[in-house]
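My questions all concern the structure below.
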Amino acid sequence: MTTPPDAPSPRIRPLRRMADGTVKQINPFTGTEVWTVPGRGNRPVDHHPGEVRPVDPVAPEAHCAFCVSRLRETTPEKSRLIRAGDTWTTLDQVAPDRLDLTTPEFRLFGNLFEIVSLDYWKAVHGYRIPAGAAAHQSAYLGTEAGVEHVRSLVRTRIAAAQGDPSVADAMGTAELAARSESFFGGCHDVVVARRHLVDGAVSTDRHSSSGSLDPDEHHQFIAFTVRAMRKLYLDNPHARYVSVFQNWLQPAGASFAHLHKQLVAIDEIPAKTAREVAALDREPDLYATLGVGLAVSEGLVVAANEHAVAVVGVGHRYPALVVYSRSAASDPWEHSPEELRGVSDLLHACHAATGPLVPTNEEWHTRPPGVDAPMPWRIVLKWRISTPAGFEGATGIHVNTIDPWALRDRVAPRLEELRASGLIADMALGDERGEPTIR
């Protein structure tokens with residue numbers, strides 16, 4: 001098997017510091033070339049939240065369409081996760097007349113504006129929504145409240161396409177059903193957290209982020225998302241990959257400053273993932289040596305526990321923290337509860353150390369179905385603090401304003417503070433655990 005033309009040369013070191021202090025990086029998995037020039041990393045990284053207004057402490061949250069007081073502005077819920085003390089319960093296919101009977105800590109529903117539409121799956125693959133989704137739709141449209149909810153969403157979608165939304169008012173149940181199949185059985189889902197602002201917020205800039213959840217809440221957020229990911233694979237036999245990601249704040253691509261993740265099924269293995277699979281044929285220990293092993297040798301491990309390790313990433317377009325699972329299972333849904341919690345705790349700590357005002361992308365990298373090679377589940381948290389421009393486009397060299405060691409030095413003290421205050425789970429920081437490895 002020949003080496004892909006954009007794969008990194010084995011003779012090039014992934015991380016080099018030049019005589020003037022410039023740091024040159026080559027991502028060991030993608031071949032992405034990144035430079036950090038001295039002096040360019042001294043700019044603020046926080047995103048200004050825009051107009052800040054006082055919050056009415058007795059008014060319900062109604063800041064965006066994802067808020068719990070506006071449940072009917074999103075598509076019908078596929079699932080919700082509710083909490084009573086320490087007990088968490090999943091409710092599937094919540095009926096329209098029961099939406100207000102419980103308070104969802106996390107909700108799962110179809111994206112109103114899909115990246116890969118249900119029409120695509122139907123036209124290209126002859127896909128039909130699962131029987132369970134069809135039954136959910138039939139029951140939902142069998143109620144007056146359900147019909148009105150769906151009709152309002154059809155209006156919204158027509159208006160977004162520059163059509164006349166009033167045509168939805170004349171639609172009968174059959175046409176509404178045809179127009180709303182993707183609400184119930186589409187392959188682009190959203191997981192939304194309850195809070196828009198942190199509890200007790202007095203101003204509108206106090207957004208509730210991943211890091212502001214407590215470790216138990218964050219664990220439930222991750223587990224609920226893993227369950228949704230697994231179901232997309234089960235429901236769609238044509239799905240070759242499910243992309244899971246989180247955009248936080250507008251510079252990172254978020255439509256709302258409301259904590260949520262997205263899951264998108266696609267019918268191809270991404271090219272970069274395919275290159276990693278091919279590289280594993282040549283180097284079965286690729287992730288252990290060029291991921292965690294490289295971080296250990298360069299002093300870039302920031303945290304570890306029994307089931308995961310968090311490191312500063314090398315060769316990313318933006319400053320990045322990477323959490324690697326240490327489980328022998330590649331698929332997230334095959335992780336034990338303890339292993340899942342271990343990954344969640346380190347990811348939560350990375351978010352908390354980053355802070356709620358830094359725009360971020362959280363990207364899940366997982367093994368595609370049908371691939372036998374062991375690929376550890378890893379999650380990359382990227383700080384979206386710069387904008388690529390002409391230099392990047394002309395050269396293919398990306399300017400990352402914070403080099404890996406500088407990112408470590410920003411994050412490490414914050415992790416120590418968070419651990420001391422009990423705001424993150426107990427974990428080893430830096431080299432306290434020795435030299436952590438992954439399978």
Side-chain angles (χ1 to χ4, degrees), residues 60-80 91-104 107-192 196 228 231-232 235-236 238-239 254-256 258 260 262-267:
E61 283 203 325
H63 307 286
C64 74
F66 287 170
C67 287
V68 292
S69 61
R70 298 167 63 173
L71 297 176
R72 290 160 184 83
E73 294 184 36
T74 61
T75 60
E77 290 180 20
K78 297 181 177 183
S79 297
R80 70 168 48 176
L91 305 178
D92 292 324
Q93 300 182 353
V94 181
D97 59 350
R98 302 187 66 82
L99 287 174
D100 303 314
L101 298 185
T102 57
T103 300
R107 297 190 292 142
L108 172 71
F109 51 84
N111 195 307
L112 187 58
F113 302 104
E114 306 155 285
I115 291 177
V116 182
S117 70
L118 178 60
D119 287 342
Y120 174 90
W121 291 105
K122 293 168 71 173
V124 176
H125 297 286
Y127 176 73
R128 295 294 179 266
I129 69 172
H136 182 204
Q137 182 186 34
S138 177
Y140 213 85
L141 291 175
T143 68
E144 183 177 348
V147 168
E148 287 312 305
H149 182 195
V150 168
R151 192 186 305 278
S152 70
L153 295 172
V154 172
R155 286 193 201 101
T156 299
R157 183 176 274 179
I158 292 173
Q162 308 300 311
D164 179 4
S166 66
V167 302
D169 298 336
M171 291 180 182
T173 303
E175 188 170 1
L176 283 175
R179 294 274 196 144
S180 64
E181 265 196 318
S182 66
F183 301 168
F184 299 88
C187 301
H188 180 172
D189 286 342
V190 184
V191 176
V192 171
H196 187 101
K231 193 168 191 310
L232 280 177
D235 285 347
N236 187 344
H238 311 289
S255 300
F256 301 126
H258 190 129
H260 66 284
Q262 298 187 61
L263 304 91
V264 182
I266 59 177
D267 60 350

*Straight-line distance of C67 SG to F256 CZ, nearest 0.5 Å*: 9.0 Å
All N/O donor-acceptor pairs, side-chain side in residues 168-177, below 3.5 Å, sequence neighbours left out:
from: D169; atom 1: OD1; to: R155; atom 2: NE; distance (Å): 2.7
from: D169; atom 1: OD1; to: R155; atom 2: NH2; distance (Å): 2.9

*For the atom pair CD (E181) and CG (L118), what is the distance rounded to the nearest 0.5 Å?*
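The CD atom of E181 sits 5.5 Å away from the CG atom of L118.
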*Test V190 against L108 for side chain to side chain contact (heavy atoms under 4.5 Å, CB included), laying out the working first.*
CA-CA 6 Å; V190 184; L108 172 71; over 6 Å; no
_Distance check, rounded to the nearest 0.5 Å: E61 atom CD versus R70 atom CZ?_
11.5 Å
*Which atom names give the shortest non-hydrogen contact between V150 and S180, and what distance separates them?*
CG1-CB, 3.5 Å
_Partner residues of D267 under the salt bridge (charged side-chain N to carboxylate O under 4.0 Å, His left out) criterion, sequence neighbours left out_ = none
_Using every non-hydrogen atom in the two residues, find where L232 and G186 come nearest and quote the distance to one decimal._
CD2-O, 4.2 Å
*pair D235-C187: side-chain heavy atoms closer than 4.5 Å*: no
*Say you draw a straight line from CG of L153 to CD of E73; how long is it, rounded to the nearest 0.5 Å?*
9.0 Å
*Specify whether Y140 and H149 have parallel, tilted or perpendicular ring planes, treating 30° as the upper limit for parallel and 60° as the lower limit for perpendicular.*
tilted
*Determine yes or no for a side-chain-to-main-chain donor-acceptor pair under 3.5 angstrom, with H188 supplying the side chain and N111 the backbone.*
no
*asked:* Among residues at least two apart in sequence or on other chains, which ones pass ring-ring contact (aromatic ring centres under 6.0 Å, His included) with H238?
replied: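 H238 satisfies ring-ring contact (aromatic ring centres under 6.0 Å, His included) with H125 once adjacent residues are dropped.
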*Quick one: do the D189 and Q262 side chains pair a donor with an acceptor below 3.5 Å?*
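No, because no side-chain N or O of D189 sits under 3.5 Å from a partner of the opposite role on Q262.
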*Mind listing the closest non-hydrogen atom pair of K122 and Y127 along with its distance?*
CG-O, 3.2 Å
_Using the salt bridge (charged side-chain N to carboxylate O under 4.0 Å, His left out) criterion, which residues pair with D164? Sequence neighbours excluded._
none
*Within-4.5 Å side-chain heavy-atom neighbours: L91 and R98*: no
*Would T74 and L112 satisfy side chain to side chain contact (heavy atoms under 4.5 Å, CB included), going step by step from the backbone distance to the final call?*
CA-CA 7 Å; T74 61; L112 187 58; over 6 Å; no
*asked:* I'd like to check E77 versus L99 (side-chain heavy atoms, cut-off strictly below 4.5 Å). Are they in contact?
replied: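 Of all side-chain heavy-atom pairs linking L99 with E77, at least one is under 4.5 Å.
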*Apply side chain to side chain contact (heavy atoms under 4.5 Å, CB included) to F109 and F66, showing your working.*
CA-CA 11 Å; F109 51 84; F66 287 170; 3.9 Å; yes
*asked:* Could you tell me if R80 and T102 have a donor-acceptor pair between their side chains, going purely by distance under 3.5 Å?
replied: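 There is such a pair (donor and acceptor under 3.5 Å, judged by atom type) between the side chains of T102 and R80.
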*Would you say the side chain of V264 lies within less than 4.5 Å of the side chain of I266, judging by non-hydrogen atoms?*
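Touching, per the 4.5 Å side-chain cut-off.
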*Can you sort out the partners of R157 under side chain to side chain donor-acceptor pair (under 3.5 Å), two or more places apart, ordered by chain and number?*
S182
_Applying side chain to side chain donor-acceptor pair (under 3.5 Å), can you list everything that pairs with Q93, at least two apart in sequence or on another chain?_
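Applying side chain to side chain donor-acceptor pair (under 3.5 Å) to Q93 gives none.
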*Hey, what do you get for CD (E114) to CZ (F183), rounding to the nearest 0.5 Å?*
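Here the rounded value is 8.5 Å.
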*H196 and H258 side chains, donor-acceptor separation under 3.5 Å*: yes
*Is a side-chain donor or acceptor of T75 paired with a backbone partner of G110 at a separation under 3.5 angstrom?*
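Checked: pair present.
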